[in-house]
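Here is the structure we will look at.
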Amino acid sequence: MSIKSIVFSVLFLAAIVFFAKSLSTIIKYLKLARPEYRLNNWVKRVTNIIDIVMGQTKLLREPMAGALHFLIFWGFVVLLACIIETIGEGIIPHFSFSFLGAFYPLLVFLEELMGFLVAGAVLFSILRRLFFAPQRLKVDAVHQKEAIIILSTIFAIMVTMFLTFAGRIVVEPGYLNWGRFISYHIASIFPNPETASIVGEICWWLHIVLVLGFLNYLPYSKHFHIISSIPNVFLGRVETPAILKPINFDEEGLEKFGASDVEDFSWKTILDGYSCTECGRCTANCPANITGKVLSPKEIMMKIRERSQEKFPALAAKDGAALEGIKTSLIGNYISEDALWSCTTCMACMQECPVMIEHVNPIVDMRRSLVLMESKFPEEIQVTFRNLENNFSPWAFGQSERMDWAEGLEVKTMASDKEVEYLYWVGCAGAFDMRYKKVSRALVNIMNKAGISFAVLGEEEKCNGDIARRLGNEYLAQMLVKENVTTMNNYGVKKIIASCPHCFNTFKNEYPQFGGNFEVIHHSVFINDLIKSGKIRLDKNLISRIAFHDSCYLGRYNNIYDEPRKILSSINGVELVEAARNNDKGFCCGAGGGRMFMEETVGTKVNVERTDELLLTEADTIASACPFCITMISDGLKFREADEKVVVKDIAEIVEECMEK
Ligand code: SF4
Ligand code: SF4
């Protein structure tokens, strides 16, 4: 074995051992968090890897930045072969992949091409960060320095690779093949073979030291995502991503509800923290952040990682004194309560995150801790909690008034006829909100016209639990959920039609956690099917320019974007227009996550921001399919004094208006 091989082997072994140790420390930290099963549905998980990792589809939602990252990612994959070859050569002199025969020059060609493109992309990324960074990439000096160091290291790895190749071309006969089309030109810079040999050798060592150094720096930097993002995507939620996990209040020994510190989160949340690339896509799309609130989903993840790095070493070492010495708290010192209460649970952050990080669950987990362990929450939601407890609705109406909306209509209750095909879930807004009662009546008229067999629960219906749950009051939410499940199961309910996306989402995705398994249909999907099957006909023209506003709980949570648009497009005379942010890039109305019942005192109001955007479409009608959105946009129009010229309507109202009578 040559001296070079011995030195290299020792260096390589030391680097691998150190890296494995760093990795095992992080795995140890993950084990200190709460358990969660994430190995179901492998087909979907593998599909996510193909789609999100290999196809880089989430990153390509921003075409320019996405294309740059696509290049760097695939460049790394191809260059892995080059790194393996270099390591092999370090251990066994003259090792190379030349045994691949005719394929070897092709591999070399790809390495050179990708090396060149990666160097260009990295250089561009450095310049972008320094001179024309988009808002989302503006970070504090420490994080900026770290990003520049990492990008510069990657650039240096590429440069040393090319100089090594170029030096070899000059001194080793037979090294040159058609694939080395870039190194061939670089080789001409060497004045003589001696210089080429010395520079080539120095660059070989520099290259390998940088590669091994980079590998070992990764676990301590945001670029750990190079390693963690693939498992993070694989282990991401395969069902609706932001559904909440229930607290098992009967669990023996469970004394803490929600998450007050990092060890209370699921291990996946900790892995999310370590996988965050700090790209800022989440924050750039967060309605709370955009309108000036303190909440930044990127910061939430960075703070979870920082807190993990502060607390887990002491927890792992079971070092009581070190734990005692930690005088800070996750909520308060790292993440402010205001940030937690600003979240509308709109899921825009999760939609945009390129590495499938889940922000909503930890935010609600921290709200749970504040509400259930410390009774700390914005004063105004005390009233909402009280109404939910006493009246089973967020408003102060009694159960005896639940059927008032249906006055004059003949609407059956399940108590009078449980043999119907559908339960029509009216929802609290549908029953009590003056504006939305009209939508309930419109939907009943549509169903009657189509000859649908349905009934309502009437006074037996209680709030679905979504508001209490998103506000962190899991205890109250479960009480409501369990009572509704019992009522519906007693009637043998199989199919539910819901007009409120929050009711719809909760029944569809969260009631199964509590034994409520139903086929749940949102009224926009149901009406679209009625039109398709010819059960209702829209024979009246409607000369109107309509902008459709997507509800987050219908769109991002449940992927229903097309049906409401199909309904509107099927009406003669309707001109359907889109707001700048639409479909899965849609902008929240500001009411989700219980924010409907909270004051909004900081920054611009989310509903006003959205209304302004909708007004830019110059539509005369804003359509939606959610009671909260309708209220928020109506308020926004009043605020902008535009309610005289623009109206807000639910899909059901528009259909009823145009329906053959
Ligand atoms: S769910 Fe919406 S409001 Fe909450 S952090 Fe994510 S983007 Fe912001
Ligand atoms: S959470 Fe995701 S989107 Fe947000 S900064 Fe981190 S990687 Fe980017």
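When a ligand or atom number is given, it counts from 1 through the structure's own listing order. Just so it is clear, the model here is predicted, and its values are computed rather than measured.
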Does atom NZ (K145) have a neighbourhood of more than 12 heavy atoms from anything else shown, all under 6.0 Å? no
Q. Looking at F504 versus Y557, is the centre-to-centre ring distance below 6.0 Å?
A. no
* Does the gap between the ring centers of F124 and F132 come in under 6.0 Å? -> yes
**Pair W42 and F234, ring centroids less than 6.0 Å apart** = yes
Taken to the nearest 0.5 Å, the spacing of C629 SG from F548 CZ works out to 8.0 Å
Contact region, T344 to ligand 1, non-hydrogen atoms below 4.0 Å, reads both
Exercise. Answer yes or no as to whether an N/O/S atom of C349 is found below 2.8 Å from atom 4 (Fe) of ligand 1.
Key: no
ask   = Where the side chain of N285 meets the backbone of C282, is there a donor-acceptor pair that is under 3.5 Å apart?
value = no
Any donor-acceptor pair under 3.5 Å linking the side chain of T617 with the backbone of L614?
yes
So for M350 against ligand 1, with non-hydrogen atoms under 4.0 Å, the contacting part is neither
Atoms of type N, O or S from the protein that sit nearer than 2.8 Å to atom 6 (Fe) of ligand 2 number exactly 1
Within 4.0 Å of some non-hydrogen atom of V360, the atoms of ligand 1 are 1 (S)
Atom 8 (Fe) of ligand 1 has as its nearest protein heavy atom C286 SG, 2.3 Å
Note: ligand 1 atoms sitting under 4.0 Å from heavy atoms of T345 are 1 (S), 4 (Fe)
> Are the side chain of D272 and the backbone N or O of E358 linked by a donor-acceptor pair below 3.5 Å?
Replying inline: yes
Both conditions, 6.0 Å and 45 degrees, for the charged tip of R610 above the ring of F587: are they met here?
no
Within the 4.0 Å heavy-atom cut-off, what I300 brings close to ligand 1 is neither
Query raised in the report: For the side chain of W425 and the backbone of F507, is there at least one donor-acceptor N/O pair under 3.5 Å apart?
Result: no
Residue, atom and distance of the protein heavy atom nearest atom 5 (S) of ligand 1 read L295 CD2, 3.6 Å
Looking only at protein heavy atoms, what sits closest to atom 4 (Fe) of ligand 1 is C343 SG, 2.3 Å
Nearest non-hydrogen protein atom to atom 2 (Fe) of ligand 1, with distance, is C346 SG, 2.4 Å
Should the ring pair H502 and F628 be called parallel, tilted or perpendicular, given that the plane angle runs from 0 to 90° and is split at 30 and 60?
-> tilted
Looking only at protein heavy atoms, what sits closest to atom 1 (S) of ligand 2 is H359 NE2, 3.1 Å
